[in-house]
Amino acid sequence: MESEVIKFGKNLVAKDEFLSSGHRACQGCGSALLIRLALKALGKDTIVCVPAGCWSGVGSMYPETAWEVPWMQTLFENSSAVASGIESAFRILMEKGRIPEKHVNFLALAGDGATNDIGVAALSGVLERGHDIVYICMDNEAYMNTGIQRSSATPYGAATTTSPAGKVVPGQTTWKKDMPAIVAAHEIPYVATACPSYPFDLMNKVRKAAEAKGPGYVHVLSPCPTGWRFPPQLTVEIGRLAVETGFFPLYEVEDGRYKLNVDRPTLKPVLDYLKPQGRFRHLSEKQIDKIQARVNRKYAELKARVTAQAA
Amino acid sequence: MSKRVPLEGSFAAAEAARMADVDVIAAYPITPQSHIIERLADFVANGELNAAYIPVESEHSAMSACWGASGAGARTFTATASQGFFLMHEVLYFVAGMRLPVVMTVANRAVGPPTNIWGDHSDAMSARDTGWIQIFAANNQEIFDFVLSCFRFCEDPRVLLPAMVHLDGFTLSHVVEPVILPEQEEVNRFLPKYQHPYVYDTDKPMSYGIVMSPDTYAEVKKAQDITLRESKEVILQAWKEFGDIFGRYYSPIEGYRSQGAKTLLMSTGALSETAKVAIDRKRDRGEDVGLLTLHLWRPFPFQELYEALKDAETLIVFDRSISLGGPGGPIISEVKSALFDRRRDIKFAGLVGALCGRNPSVEQFEEIIDRGREIAEKGSSEVLETIGIRG
Ligand SMILES: Cc1ncc(C[n+]2csc(CCOP(=O)(O)OP(=O)(O)O)c2C)c(N)n1
Ligand code: SF4
Ligand SMILES: [Mg+2]
């Protein structure tokens with residue numbers, strides 16, 4: 001893909017802001033950072049569909065809006081389907097000569113609940129049909145908007161209000177659903193994971209997703225101080241630890257080819273990532289070992305795939 | 001020159017969408033709606049219609065894609081029935097509230113359980129508070145005419161609301177009748193190009209469906225209600241112009257031998273055609289009865305109802321759906337409440353029947369009128385009166 005790579009250096013990144021300050025997200029919201037960066041990468045000609053979730057509310061409350069691009073609130077499960085309708089309409093209206101030809105990005109920007117759970121069928125449909133949209137999952141690993149309930153993206157062991165750490169059940173009992181793998185199984189042109197702690201990597205990936213002919217999907221780990229229970233000034237650091245421990249590897253799948261974007265010779269222990277977060281506070285050593293073993297296995301699998309393809 | 005052709009009800013709907021030159025179709029199959037969207041797929045595949053056809057994975061997504069397409073400025077069409085209609089339900093409110101003139105045909109079908117595929121109006125009635133315009137067709141010509149005219153008034157800047165045209169599953173969707181198809185040039189004269197004033201435009205960014213506090217929400221809903229009510233005038237104007245161009249005139253409530261009749265039967269959809277024969281027979285026997293066919297269900301045609309009942313003493317309403325645990329059928333309960341302050345003198349009877357395709361014969365319609373008259377005279381201890389239902 002011939003994407004113009006966004007390089008490190010403040011003068012090289014667009015100064016335009018499409019998410020204005022003054023929105024109502026919590027301090028240190030990883031998703032706020034992600035949206036700001038993603039919109040810089042996409043630019044002005046972008047139409048955004050956001051389903052129910054934190055960002056259907058915190059970015060706007062009548063008569064105010066922080067969105068400086070066309071933006072709409074969709075239903076919890078249908079942002080991908082609405083975006084597919086917009087994309088189809090633009091395509092046919094241009095073909096019929098009813099609107100001028102121009103490149104517009106159609107962005108569905110949805111939480112992990114909207115993506116992994118309630119909207120998974122709609123998303124699968126949009127991917128399978130090959131609509132030329134960008135889908136960004138803002139994965140804060142729970143239903144934050146409604147009060148930190150578990151989703152299928154909530155990691156094993158994390159305490160949420162519907163997977164509480166009780167005397168008998170120690171938080172979430174299931175492993176995080178591997179959504180990027182599910183998306184990649186649709187064999188769409190571009191799939192990536194990203195994290196706002198790696199801003200240039202994130203912006204480049206969003207741009208690649210937009211430039212792909214067909215659906216582009218970016219799954220972004222978005223640290224959430226409120227739901228994960230860590231001090232808001234640690235957002236970027238927590239995101240880095242997720243990557244450095246191998247808990248959330250940064251990789252991309254371009255036309256089926258896997259590439260690890262951050263590959264450290266040795267991974268930090270997952271404990272470094274779990275420890276600063278209140279949601280993991282209750283975990284026993286045994287559970288942490290279990291998580292470490294899982295992270296090791298998944299990371300090794302990913303590396304094996306990358307190496308095999310490179311060979 | 002217009003031409004008269006034999007057409008299944010489903011094909012009449014598809015033909016209207018084709019002649020309206022719809023830009024986007026997003027649909028999911030369900031019996032008895034499937035022929036509509038299959039026909040449209042054929043049109044697109046054969047180059048007879050230049051539209052984006054989105055074969056979605058569910059009705060929820062069908063209506064969602066219609067939302068996106070209509071908001072982006074495309075003339076948009078879909079069709080569904082029954083369970084599919086219910087899966088769309090959440091999205092119906094948003095399409096109306098977002099003021100998007102999507103047009104949909106509903107090949108009305110009963111609701112499970114028990115599992116079924118046959119026709120009644122239970123699906124349609126569940127949408128009466130969604131903010132959509134709802135119109136019932138009684139024959140295949142009306143399906144064509146109503147679908148075409150819906151684009152006209154839904155897209156009118158004074159309206160900008162979605163509409164559904166109801167056609168009885170199987171009784172219309174799968175039955176061939178002669179339909180007069182107009183010339184494309186006549187259609188173009190009737191139907192201007194769709195232009196939504198607030199399309200998604202990156203040069204004019206706006207926020208849509210924004211969160212509102214209790215401070216402002218109710219005013220928006222009230223404005224929506226006023227717009228839907230006032231859309232009736234625009235519908236009437238459009239139907240007048242439709243008549244002037246195509247020679248067929250429509251009204252929210254159509255009377256049949258109803259002028260001056262003391263007893264009136266009210267029915268909706270295809271069964272009105274059977275009821276007409278029953279009325280003829282009764283008239284031949286000297287009975288003073290007429291028929292009212294309710295075409296426009298939302299916005300409810302209050303004024304037309306008052307006028308239609310000017311000389312009536314007895315009104316018998318036949319409902320093709322059941323309001324479980326409620327006051328009989330939905331239409332009788334609304335008609336009664338509409339008349340409560342105006343016409344205490346009218347005697348009512350409401351009968352529910354024709355559920356799940358058990359369509360009454362002409363004789364049974366005569367019985368509906370006889371039973372109805374009796375109930376209206378003597379009253380009934382039953383909240384729910386049915387016809388042709390055991391137990
Ligand atoms: C059909 C439906 N069910 C439930 C809800 C309630 N609801 C709104 S947002 C939300 C959770 C959103 O979670 P996620 O997608 O992860 O976004 P986040 O708030 O975490 O950013 C829920 C359960 C809804 N709006 N619609
Ligand atoms: S709860 Fe989390 S995701 Fe939601 S606004 Fe606050 S920090 Fe952001
Ligand atoms: Mg979430």
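The basis for the numbers below is simple: all heavy atoms, side chains too, and nothing from hydrogens, waters or symmetry mates. Quick caveat, the model's predicted, so the values are computed rather than measured.
- Proximity to chain B (any heavy atom under 4.5 Å) is shown, for A:Leu75, by both the backbone and the side chain.
- The part of B:Val22 that comes within reach of chain A is its backbone (N, CA, C, O), which places non-hydrogen atoms under 4.5 angstrom from that chain.
- In this structure, the portion of A:Val69 lying under 4.5 Å from any heavy atom of chain B is its backbone and not its side chain.
- Using a 4.5 Å cut-off between non-hydrogen atoms, the part of residues 108-123 of chain A that approaches chain B consists of A:Ala121, A:Ala122.
- Residue B:Met63: no heavy atom, backbone or side chain, is found under 4.5 Å from chain A.
- B:Asp203 and A:Lys44 get closest at one heavy-atom pair: OD1-NZ, 2.7 Å.
- In this structure, A:Ile47 CD1 and B:Tyr208 OH are separated by 8.0 Å, a value rounded to the nearest 0.5 Å.
- Within the 4.5 angstrom heavy-atom criterion, atoms from both the backbone and the side chain of B:Val91 approach chain A.
- When all heavy atoms of A:Asn78 and B:Ser64 are compared, the pair lying nearest together is ND2-OG, 2.8 Å.
- B:Met206 places none of its side-chain heavy atoms less than 4.5 Å from the side chain of A:Trp71.
- Using a 4.5 Å cut-off between heavy atoms, A:Glu95 contacts chain B through its side chain alone, with no backbone atom that close.
- Neither the backbone nor the side chain of B:Ser58 comes within contact range of chain A, judged by heavy atoms closer than 4.5 Å.
- Contacts between B:Ala62 and chain A at a heavy-atom distance below 4.5 Å are absent for every atom of the residue.
- One distance of note links OG1 of B:Thr202 with CG of A:Asn105; it measures 9.5 Å at 0.5 Å rounding.
- Distance check: A:Arg98 CZ to B:Tyr194 OH gives 10.0 Å after rounding to the nearest 0.5 Å.
- Listed by chain and number, the residues in a side-chain hydrogen bond (donor to acceptor under 3.5 Å, both in side chains) with B:Arg99 amount to none (sequence neighbours excluded).
- For chain B, the nearby part of A:Thr46 is the backbone; its heavy atoms alone come within less than 4.5 Å.
- Taken to the nearest 0.5 Å, the CD1 atom of B:Ile210 stands 8.5 Å off from the CD atom of A:Glu64.
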Exercise. Are A:Tyr62 and B:Asp215 close enough, and set up right, to give a side-chain contact (heavy atoms from CB on, under 4.5 Å), and what steps lead you there?
Worked result: CA-CA 10 Å; A:Tyr62 182 81; B:Asp215 248 13; over 6 Å; no

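- Taking every heavy atom of both residues into account, B:Met98 and A:Gln73 meet most closely at CE-O, 3.5 Å.
- Within the 4.5 angstrom heavy-atom criterion, no atom of A:Ser80 approaches chain B.
- For the residue pair B:Val24 and A:Ala89, the shortest heavy atom distance occurs at CG2-CA, 3.9 Å.
- To the nearest 0.5 angstrom, B:Tyr200 atom OH is 5.0 Å from A:Ile86 atom CD1.
- Separation of atoms OG1 (B:Thr76) and CD1 (A:Ile92) is listed at 11.0 Å; rounding is to 0.5 Å.
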Problem set entry | A:Glu77 and B:Glu90: CA distance, side-chain angles, deciding distance, side-chain contact (heavy atoms from CB on, under 4.5 Å) verdict | CA-CA 10 Å; A:Glu77 61 284 64; B:Glu90 185 194 22; 2.8 Å; yes

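- The shortest side-chain heavy-atom distance between B:Val56 and A:Arg129 falls under the 4.5 Å cut-off.
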